[in-house]
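Could you have a look at this structure, given as structure tokens, before my questions?
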Amino acid sequence: MGLLVAGLVLPWAEDSSGHRGVLDGDIPWWVGPGDVADTWLLIVATAVVLWALLVSVLAGNGQPMWLMVAATGLFVMAFCVAEGLAMDDDLDAAGSEVGLGLFVAYAGGAAAAISGVLLRPSR
């Protein structure tokens, strides 16, 4: 969860004028330039992982939440790859670089996917 939240806060684009984060809404996006729809997709995915992990911990492993955590983690990883590819050309043209936030969010998705698999109840 910490990696997913840090991925939202850390800059996703860096250039000579400063850092631009995912919550700023002014970096090239997969859905469209400056669109906040992608930001909300990542925030909702983070909230789903948090909710599913809390349900799994509080209700025990009886609930099939592990699959939701694993699937959401894979979604976050795919989201970060798509965002990185969409941002890359636009950032290169502007003389910017992809920031640390994208990679941290990807790592958070990977950690969520692994956590989901580890939460799977044994048979």
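Everything numeric here is computed off the predicted structure, so don't read it as measured data. Atom set for the values below is all heavy atoms of this structure, side chains included, hydrogens, waters and symmetry mates excluded.
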Residue that, paired with Val104, satisfies side-chain contact (heavy atoms from CB on, under 4.5 Å) out of Val9, Leu3, Val5:
Leu3
Minimum heavy-atom separation for Ala112 and Val49, please, with both atom names.
CB-CG1, 4.1 Å
Those residues at least two apart in sequence (or on a different chain) that pass side chain to side chain contact (heavy atoms under 4.5 Å, CB included) with Ala113 are Leu74
If hydrophobic clusters are built by linking Ile, Leu, Val, Met, Phe, Trp and Tyr wherever their side-chain heavy atoms come under 4.5 Å apart, do Val117 and Tyr106 end up in the same one?
no
Could I get the full list of side chain to side chain contact (heavy atoms under 4.5 Å, CB included) partners for Leu102, not counting sequence neighbours?
Trp12, Cys80, Glu83, Val98
Residues in side chain to side chain contact (heavy atoms under 4.5 Å, CB included) with Val48, at least two apart?
Val44, Met68, Thr72
Taking side chain to side chain contact (heavy atoms under 4.5 Å, CB included) as the definition, give me every residue that meets it alongside Ile114, ordered by chain and number, with sequence neighbours left out.
Leu118
What are the two closest non-hydrogen atoms of Ala52 and Val69, and how far apart are they?
CB-CG2, 3.3 Å
Euclidean distance, Leu4 CG relative to Ile43 CD1, rounded to 0.5 Å
11.5 Å
